[in-house]
Q: 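Pasting a structure here, questions to come.
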Amino acid sequence: MGGPKIGVDAWARRVDAGVCTGPTELGVAGDGVTPFGGRPVVRVGLILEGSTIPAWAATLVARLRDSGYCRAEVAFILPDSKSVREAGWPAGSGPGTPWERLAWRLFHRLDGGFSGSREDPWMLREAAAVLGSIPVVTVEAGEVDPASVRAWRLEVIVDLRNGGGRVWPAFRDGAGCGVWQLRFGDSGEAGSGGGGVGAALPGLWEVLERRRLMTGELVMIHGRWPRGRVIYRSWGAVDPVSVERTGHAAVWKAISFPLRRLALLAREGEAAFLAAMESWEPEEVSDREEASDREEASDRKGVLARKEVSVSPRRSGLAVALVRHLGRYGAGKVGSLLRREQWRLLDCRQEGVATELARFRPIIPPADRFWADPHLVCHEGRYFLFVEELITRIGKGHLAVLTLSADGEWSSPVRVLEEPHHLAYPFVFSFEGEWYLLPDSGSVGEIVVYRAVEFPWRWERHAQLMGGVRAVDSTLWFHDGLWWMFVNLAETPGSSTWDELFLFFAEEPIRGPWRPHPGNPVVSDVRRARPAGGILSWNGALWRPSQDCSRGYGWGLNLNRIERWDTAEYRESPVIRILPEGVPGLRGIHTLTAAGGLTVIDARQERWIGGR
């Protein structure tokens with residue numbers, strides 16, 4: 001019943017290819033032909049260092065092998081050297097004063113505890129087992145012979161070394177589209193061989209400097225751009241506590257970047273791809289956002305500017321930054337024992353969509369629970385407000401509905417759907433005269449639609465739309481003769497569900513099949529990717545509410561005006577922001593719904609324990 005059940009690996013291959021067919025339907029066989037207009041597969045070379053390969057690179061090799069639109073032709077194994085990670089991160093055994101080694105060791109131990117069970121992308125594996133039958137060329141000390149690289153007729157060389165490194169001209173000029181490197185935050189200049197600990201520890205300075213955005217980039221080092229040109233960019237959130245948690249999420253997400261650009265290269269061909277990359281301009285962080293970051297970090301007394309501090313743990317500047325970070329962590333833990341947070345609702349009667357917080361009135365749940373993720377439905381002259389309700393002592397959400405009385409007061413919530421797993425984000429829609437409910441079931445890895453047996457009180461499971469996916473906040477809309485699904489997905493275990501918005505379309509919402517948009521992910525930015533409510537038709541335009549999770553989950557809310565929306569392209573611009581500012585104790589806003597002259601949002605309120 002329902003649409004295709006797609007396993008994680010098969011689904012990733014379909015998204016990479018931009019089509020919704022299984023791997024055997026892609027035309028991938030021994031003939032080396034892809035479905036992209038019969039073009040030959042992209043010939044890819046790999047750069048490794050020594051006899052081991054990091055876990056992130058091993059995963060990338062496996063996905064590249066399964067993609068159907070590119071093929072690894074050769075792996076160049078460069079001489080082994082002590083990686084910057086080994087030289088810097090574990091530390092404690094290197095040179096420096098006992099005080100500096102102690103600070104670094106303490107920070108590393110605590111940070112490792114913060115990161116939880118997420119797999120370490122830097123864990124080393126034996127390269128031979130990962131490469132399998134891929135031919136290997138061992139490069140001795142010194143420059144590689146340019147002719148030996150050109151003989152492989154490669155279109156791209158992907159650098160899989162820990163922390164990148166200097167790119168030799170023979171590699172740069174030996175492939176039609178050059179060498180591709182992943183770069184994170186303050187990793188140093190691409191292809192320069194610099195970066196030090198920051199290159200192998202993405203997130204280090206972002207956490208220590210209390211910044212809110214972690215940048216991940218794919219850089220092409222090519223004859224046209226010997227210093228490197230950014231050909232893909234994404235923004236993730238900075239965990240205020242953990243370098244490892246920040247960096248792990250960034251790295252696991254980033255292994256999809258080369259695959260997305262390789263899919264484009266396979267579709268367009270080399271000449272068109274290079275022309276597209278020359279004209280493509282990645283979005284920048286605005287001056288206002290940079291100023292905001294600087295202002296928030298202005299209390300970092302004694303912490304040196306980046307250009308003044310080496311990334312080496314042997315410098316006292318870094319040791320001071322580590323100690324100050326540990327002090328902030330301790331203060332935060334004490335504060336968390338004295339405060340509690342509760343999600344509650346706010347509503348406002350106003351034609352169109354209300355966006356001024358001062359006009360909203362609070363709808364406060366009992367102290368033992370919270371209400372969040374509102375979705376408003378007007379039906380037969382009545383207002384029904386679907387919400388996630390979570391009782392604190394149980395810690396698992398179920399779905400409930402409130403009704404609005406004639407005198408403008410909301411009823412107590414009535415539980416309408418509960419499962420053994422957590423449910424949230426109750427998106428309700430009608431189709432062919434019946435009502436359906438599409439909740440967030442991300443905790444069990446599926447997207448499931450329920451049908452109303454008795455609207456709005458009773459629902460039954462109807463169909464699984466997707467399975468084996470880490471998906472959150474699925475949102476549907478009928479547009480231009482098709483049904484569309486906006487949903488945040490994490491393609492790789494360890495990556496975040498906050499960062500990337502994927503778009504799918506189908507002729508029917510409850511049967512599928514759902515086909516991925518060729519531009520997926522259509523947004524790769526923690527500031528505005530994750531859905532925050534249904535699409536709004538307002539002031540002559542379509543608007544998509546989205547979350548801003550750059551300062552923590554559900555920190556703020558955007559209204560993005562949709563500028564182009566079809567099966568070839570999706571484009572939107574953030575226009576209106578609703579932020580938790582100016583209201584004492586307000587710490588977040590993350591869902592907006594509007595219908596029939598009524599707007600409802602949710603908000604996270606912080607209160608001191610024992611206070612009112």
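Predicted, not measured: the structure shown is a model, and the values here were computed from it.
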Q: Using 30° and 60° as the class limits, which term best fits the ring planes of Trp343 and His590: parallel, tilted or perpendicular?
A: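 Correct class here is parallel.
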Q: Do Phe486 and Tyr570 have ring centres separated by under 6.0 Å?
A: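 Phe486 vs Tyr570: aromatic centres under 6.0 Å.
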Q: Test side-chain hydrogen bond (donor to acceptor under 3.5 Å, both in side chains) on Thr591 and Tyr425; report intermediate values, then the result.
A: CA-CA 9 Å; Thr591 310; Tyr425 199 80; over 6 Å; no
Q: Looking at residues at least two apart in the chain, or sitting in another chain, which of them share a salt bridge (charged side-chain N to carboxylate O under 4.0 Å, His left out) with Arg528?
A: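 For Arg528, the residues satisfying salt bridge (charged side-chain N to carboxylate O under 4.0 Å, His left out) (neighbours in sequence not counted) are Glu283, Glu572.
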Q: Quick check: Phe429 with Trp483 (ring centres under 6.0 Å apart)?
A: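 Centroid separation for Trp483 and Phe429: below 6.0 Å.
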Q: May I ask you to check whether Ser546 and Asn558 show a side-chain donor-acceptor distance below 3.5 Å?
A: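 Indeed, the side chains of Ser546 and Asn558 share at least one donor-acceptor pair under 3.5 Å.
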Q: In terms of side-chain heavy atoms, does Thr497 have a donor or acceptor partner in Arg470 at a distance below 3.5 Å?
A: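 Per modelled atom types, Thr497 and Arg470 side chains form no pair under 3.5 Å.
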Q: Who passes salt bridge (charged side-chain N to carboxylate O under 4.0 Å, His left out) against Arg564, sequence neighbours left out?
A: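 If we apply the salt bridge (charged side-chain N to carboxylate O under 4.0 Å, His left out) test to Arg564, skipping adjacent residues, the hits are Asp566, Glu569.
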Q: Suppose we screen for salt bridge (charged side-chain N to carboxylate O under 4.0 Å, His left out). Which residues come up paired with Asp373, at least two apart in sequence or across chains?
A: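 Scan of Asp373 (salt bridge (charged side-chain N to carboxylate O under 4.0 Å, His left out), adjacent residues dropped) gives none.
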Q: Of all residues at least two apart in sequence or in a different chain, which pass the side chain to side chain donor-acceptor pair (under 3.5 Å) check with Asp525?
A: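 Here the qualifying residues are Arg527.
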Q: Sequence neighbours left out, what passes side chain to side chain donor-acceptor pair (under 3.5 Å) with Trp371? Give chain and number order.
A: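 Once residues adjacent in sequence are excluded, the partners of Trp371 under the side chain to side chain donor-acceptor pair (under 3.5 Å) criterion are Glu389.
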Q: Sequence neighbours left out, what passes side chain to side chain donor-acceptor pair (under 3.5 Å) with Ser430? Give chain and number order.
A: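 Side chain to side chain donor-acceptor pair (under 3.5 Å) check on Ser430 returns nothing, list empty.
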